[in-house]
2 protein chains.
Amino acid sequence: MGSPYHQFCPVAKATELLDGRWTLLVIRELLSGSRHFNDLRRGVPKMSPALLSKRLQELVRAGVVERRDDGREVAYLLTPAGEELRPVVESLGAWGTRWVGELGDADLDPKLLLWDLHRNVDSDLLPPGRTVVTFRFLDVPAKERDWWLVLTAAAVDVCDFDPGYDVAVSVTGTLRELVLVWRGDLDWFQALRSGTLTVQGPEQLRRALPGWFPPSRFAAVPRPDAGVLA
Amino acid sequence: MGSPYHQFCPVAKATELLDGRWTLLVIRELLSGSRHFNDLRRGVPKMSPALLSKRLQELVRAGVVERRDDGREVAYLLTPAGEELRPVVESLGAWGTRWVGELGDADLDPKLLLWDLHRNVDSDLLPPGRTVVTFRFLDVPAKERDWWLVLTAAAVDVCDFDPGYDVAVSVTGTLRELVLVWRGDLDWFQALRSGTLTVQGPEQLRRALPGWFPPSRFAAVPRPDAGVLA
DNA sequence: CGGTATCCCCGTCGATACTG
DNA sequence: CAGTATCGACGGGGATACCG
């Protein structure tokens, strides 16, 4: 919680709670369904655990988050007040989508992208059984270049090492390109046609893959120029 | 602009721009129509001018604000991108209204309240000519206890000194009470009935006064319990 | 009116390591 | 898995004064 503004305006009172660094991103993670400390960390990997812990305590004190400890594990849950922050985060994300298009190289974190993709897998469209997809990012240092996604109806696992299963499909391209697809700045088919992103594997799986990985919830936000054309 | 989060998520990119201290309140002021530096200052009186200046420059760089200098005066205007922050500020204010009810004494700034009231005067309901209304806050140190509002169809002026005109109506009560009325936590008639707020003057003007001072735009936000009863 | 200039402090945050 | 502990730097921003 930032220091007080000494204003009675509700915008000020809300901002007091929310303008601390990382706070809104933690709430974004909670809204997107993460409940455990280490899951939250994966959504904000550059945030130190100490600060995450502090932010969570602040949010608990503010009545936005409930910490539920059942002895075996701890869960952080949004209270009704916290859940009602969804419109704030949504409008912020929609605005960011429309008006903050340019991404620096430092904004492109493969770990985060895989974490996002994994959360959004449309398991209804998966083949039965286990499907392993690899991602290779040509513009990324070797250490973070290769990723494996192990997809089943029950769960999706992200690995930064070869889990040993047969690989069904491989996606190759630049990290930037795949991030643009995720954000909806580009769609799968544009990216594939332009050749900067390639998918290898049996035809049927290649065709199905875009369906497994639907873009971010903000992908559908109309871009500033859309209205002019329509 | 805060330091970067190094995330490609649009919520993060938007937050980078907006999570600096005071930034959202400056935008609130711009959205509510203030265009000049010193008008903006009145809306964020506790902010140092140096910081306000810095924030405005950041917002200009971010494409949210346009600084227009015509040689005689400088105007800060929201760009289309800036105007589109309205939903963010509105949802934030609505949330604050619902979930951050308790106000500390330090949140009660008479100057700010008068500034808000003055911006919202419904001049259609004013009597013809000039009407002077005084406010006396019983719970406030002498220096900030008495205020004058000079109302005409053309303009509304706030004074912290007696401007010398005849006073038509006087409002007396605690600052807290009037802030609650402004926020919509209490309505004029409740406050008057309870006697903690009193209005003195000719009957007709006394009756008309609540109409001159409509509550904040957030007053109509339904409170958390409202749904239960309806 | 519309800002700059400066100073300095204190709190925030990042980094790193470690624990039950 | 779920955090604490510690430490240091830096820079944000509060205060105050001043200029065109």
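These numbers come from the heavy atoms of this one structure, side chains and all, not from hydrogens, waters or symmetry mates. Throughout, protein chains are lettered first and strands after them, A, B, ... in sequence-line order, and every chain is numbered starting at 1.
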Should we count CZ of A/R42 as having more than 12 external heavy atoms under 6.0 Å? yes
Tell me which pairs pass salt bridge (charged side-chain N to carboxylate O under 4.0 Å, His left out) where either residue lies in residues 153-162 of chain B, with sequence neighbours left out. none
Got a list of protein N/O to nucleotides 8-10 of chain C N/O distances below 3.5 Å?
none

A/E66: partners by side chain to side chain donor-acceptor pair (under 3.5 Å), with sequence neighbours left out: A/R68
Over the length of the helix from C/dC1-D/dG20 to C/dG20-D/dC1, how much do the five-pair end axes diverge, rounded to 10 degrees? 60°
What residues, two or more places apart in sequence or in another chain, satisfy side chain to side chain donor-acceptor pair (under 3.5 Å) together with B/R136? B/D146
Greater than 12 external heavy atoms within 6.0 Å of A/D166's CG: no
Is a donor on one side and an acceptor on the other found under 3.5 Å between the side chain of A/W148 and the backbone of A/F161? no
Just N and O in the side chain of B/Y76: are any of them under 4.0 Å from OP1 or OP2 of C/dG3? yes
Whether over 12 other heavy atoms sit under 6.0 Å from B/R35 CZ: no
Is it the case that more than 12 heavy atoms not belonging to B/D70 sit under 6.0 Å from its CG atom? yes
Anything under 3.5 Å between a protein N or O and an N or O of nucleotides 17-20 of chain D, put it in a table, one pair a line.
none

Using a 4.5 Å cut-off on heavy atoms from C-beta on, say whether the side chain of B/V64 contacts that of A/W95. yes
Please state how far atom CZ in A/R68 lies from atom P in D/dA2, giving the value in whole angstrom units. 14 Å
All N/O contacts under 3.5 Å from nucleotides 11-13 of chain D to the protein, with atom names and distances to one decimal?
unit_1: D/dG13; atom_1: OP1; unit_2: B/R21; atom_2: N; d: 3.3
unit_1: D/dG13; atom_1: OP2; unit_2: B/R55; atom_2: NH2; d: 2.4

So, applying side-chain contact (heavy atoms from CB on, under 4.5 Å) with A/M47, which one of A/R41, A/R55, A/R21 is it? A/R55
By side chain to side chain contact (heavy atoms under 4.5 Å, CB included), which residues pair with A/P80, not counting sequence neighbours? B/W99
Close residues, residues 25-46 of chain B, relative to DNA chain C [heavy-atom separation under 4.0 Å]: B/H36, B/F37, B/N38, B/R42
Whole Å only: how far is the CD atom of B/E73 from the P atom of C/dC1? 10 Å
Whole-Å distance between C/dG2 C1' and B/L52 CG? 10 Å
Whole Å only: how far is the NE2 atom of B/H6 from the P atom of C/dC13? 15 Å
Take atom CD of A/E58 and atom C1' of C/dG11, then tell me their distance rounded to the nearest Å. 13 Å
Considering only heavy atoms from C-beta outward, does the side chain of A/R176 approach that of A/D105 to under 4.5 Å? yes
Not counting sequence neighbours, which residues clear side chain to side chain donor-acceptor pair (under 3.5 Å) with B/R183? List them please. B/D185
When the distance from CZ of A/R72 to P of D/dA2 is rounded to whole Å, what number comes out? 11 Å
Not counting sequence neighbours, which residues clear side chain to side chain donor-acceptor pair (under 3.5 Å) with B/Q57? List them please. B/S53
Please report the distance, rounded to the nearest Å, between CE in B/M47 and P in C/dG3. 13 Å
For A/R86, the option from A/E83, A/E84, A/E90 that meets side-chain hydrogen bond (donor to acceptor under 3.5 Å, both in side chains): A/E83
Atom CD of B/Q57 to atom C1' of C/dG2: distance rounded to whole Å? 12 Å
Ring pair (Phe, Tyr, Trp, His ring centres under 6.0 Å): which pairs involve residues 12-71 of chain B, sequence neighbours left out? A/Y5-B/W22
Look at the side chain of A/S53 and decide which nucleotide, out of C/dG2, D/dT4, D/dA2, has an atom nearest to it. D/dT4
